[in-house]
Amino acid sequence: MNTGLGSKFKEGKLIRLVTRAWGTVLGLFSNVKAHELHGRDKYFYTPGASQPRLLGFYKGIFPPILAETPKRAVKFFTFEQYKKLLGYASLPPGLAFAVAGLGSGLTEAVVVNPFEVVKVTLQTNRNAFTEQPSSFVQARQIIKTDGLGFQGLNKGLTATLGRHGVFNMVYFGFYFNVKNILPVNKDPNLEFLRKFGIGLVSGTIASIINIPFDVAKSRIQGPQPVPGEIKYRTCFKTMATVYKEEGFLALYKGLVPKIMRLGPGGAVMLLVYEYVYAWLQDTVDRKQHF
């Protein structure tokens, strides 16, 4: 029993170290991806502006920070709930993981989309970092000008649904299916590496498959090429337009920083989720025995 607790402690310590290290660069990679999706000269640095170049990489950082906790909570909580519901449908376990992931992604998208609209609007603001409006002011301005609908705070919702739905479907489906196939390692460090490796591949594959939805979302939510004229309206029509005008590879703009962010980041999330879930289960079980 003590050996098991010691193994969990070591694995948890490794998770905390990796989480802290990787968390410091997530915002940077997120904005580098947006930099590629929207264009290279739009908002990171304005000639003649007084702000340091580095701050341009952190434009729009506050909406993701505000959304991160509810976003991750919704992702994993709804995944577990959908997984339980699918238990009554007699689906094969492998398929159940993917469908539960799809459901969690769609639910997550509804929660996170307004934050994404505010984030993209701030990132495409050409003013100096210190001169741009706060997240709350920007949100109020969007609601005042365009409302809460699909042209306002929920602009690009269909693309966000596709982005999160497809990502979570592949992410959870691949991870749990492969994890159940590969044998468990008794050494806590090797077991950590096994789970981290599977999570890394899961996040990478999911990013490659869902990035066309990400490109469409950024085009719809970002500034239109001609002011006053809406060119990018719906998800699949935007994909078709990008493919026709810019070629197939344009649908994969920003892929490298996205993989750098969500490959290791996705692995860390799953490890933290599994470790905390197991710890909570052990805590509940111990209390029930007393």
Side-chain angles (χ1 to χ4, degrees), residues 28-49 51 53 55-64 109 112-129 131-133 135 137-164 166-167 207-258 261:
L28 176 61
F29 284 136
S30 179
N31 275 354
V32 170
K33 175 176 73 72
H35 175 50
E36 291 196 12
L37 291 176
H38 287 291
R40 297 182 178 276
D41 61 345
K42 287 189 175 179
Y43 51 87
F44 284 98
Y45 177 70
T46 303
Q51 87 276 20
R53 287 176 181 264
L55 289 179
F57 285 100
Y58 291 91
K59 280 189 173 183
I61 192 64
F62 294 110
V112 79
N113 192 69
F115 294 95
E116 287 289 317
V117 172
V118 175
K119 182 192 76 172
V120 171
T121 304
L122 288 172
Q123 287 178 340
T124 54
N125 188 326
R126 293 179 65 97
N127 293 331
F129 182 86
E131 297 174 0
Q132 69 176 13
S135 301
V137 170
Q138 188 65 65
R140 286 199 300 269
Q141 181 62 38
I142 292 171
I143 294 171
K144 182 179 178 180
T145 305
D146 301 309
L148 296 168
F150 295 131
Q151 294 302 318
L153 206 59
N154 277 293
K155 181 166 59 174
L157 178 59
T158 54
T160 306
L161 288 168
R163 182 180 79 156
H164 288 268
V166 170
F167 182 90
S207 297
I208 293 171
I209 293 175
N210 91 320
I211 196 169
F213 291 96
D214 207 353
V215 172
K217 182 193 80 70
S218 296
R219 297 297 179 95
I220 294 168
Q221 293 178 345
Q224 301 295 309
V226 179
E229 179 183 323
I230 301 177
K231 179 178 181 179
Y232 304 113
R233 290 182 180 272
T234 61
C235 178
F236 291 104
K237 188 175 180 181
T238 297
M239 288 184 190
T241 300
V242 171
Y243 172 76
K244 181 179 179 181
E245 295 182 355
E246 303 174 41
F248 177 75
L249 291 180
L251 292 171
Y252 288 85
K253 283 185 176 180
L255 178 60
V256 172
K258 183 182 176 87
R261 179 170 64 97

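Note that CZ of F167 and CG of D214 are 10.0 Å apart. Values are rounded to the nearest 0.5 Å. In this structure, CD on Q141 lies 9.0 Å from CG on D146, to the nearest 0.5 angstrom. Interatomic distance, CZ of F213 versus CZ of F236, reported as 4.5 Å (0.5 Å rounding). Rounded to the nearest 0.5 Å, atoms CZ (R261) and OG (S207) are 7.5 Å apart.
Scanning all heavy atoms of the two residues, the minimum distance from K217 to G156 falls at CG-O, 4.4 Å. Closest approach of I230 and Q151 over heavy atoms only: CD1-OE1, 3.5 Å. Taking each heavy atom of L251 and M239 in turn, the nearest pair found is CD2-O, 3.8 Å. Across all their heavy atoms, A159 and C235 have their closest contact at CA-SG, 3.8 Å. The two residues Q224 and Y232 come nearest to each other via the heavy atoms OE1-N, 2.9 Å. Nearest approach of V215 to Y252, heavy atoms of both residues: CG2-N, 4.5 Å.
The backbone N or O of K155 sits less than 3.5 Å from a side-chain atom of Q221, completing a donor-acceptor pair. The closest donor-acceptor contact from the side chain of N113 to the backbone of T160 lies at 3.5 Å or more, if one exists at all.
Contact of the L153 side chain with the V118 side chain is registered, since non-hydrogen atoms from C-beta on lie closer than 4.5 Å. With a 4.5 Å cut-off on side-chain heavy atoms, K258 and I211 count as touching. By the 4.5 Å heavy-atom criterion applied to side chains, Q138 and K119 are not counted as neighbours.
Here K237 pairs with nothing under the salt bridge (Lys or Arg N to Asp or Glu O under 4.0 Å) rule; sequence neighbours left out. Remark: E229 engages no residue in a salt bridge (Lys or Arg N to Asp or Glu O under 4.0 Å) (not counting sequence neighbours).
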Using the side-chain contact (heavy atoms from CB on, under 4.5 Å) rule, take N154 and V117 through it: C-alpha gap first, then chi angles, then the decisive distance, then the call.
CA-CA 7 Å; N154 277 293; V117 172; over 6 Å; no

side-chain contact (heavy atoms from CB on, under 4.5 Å) assessment of R233 paired with I220
CA-CA 6 Å; R233 290 182 180 272; I220 294 168; over 6 Å; no

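E245 and T241 form no side-chain donor-acceptor contact under 3.5 Å, judged by distance and modelled atom types alone.
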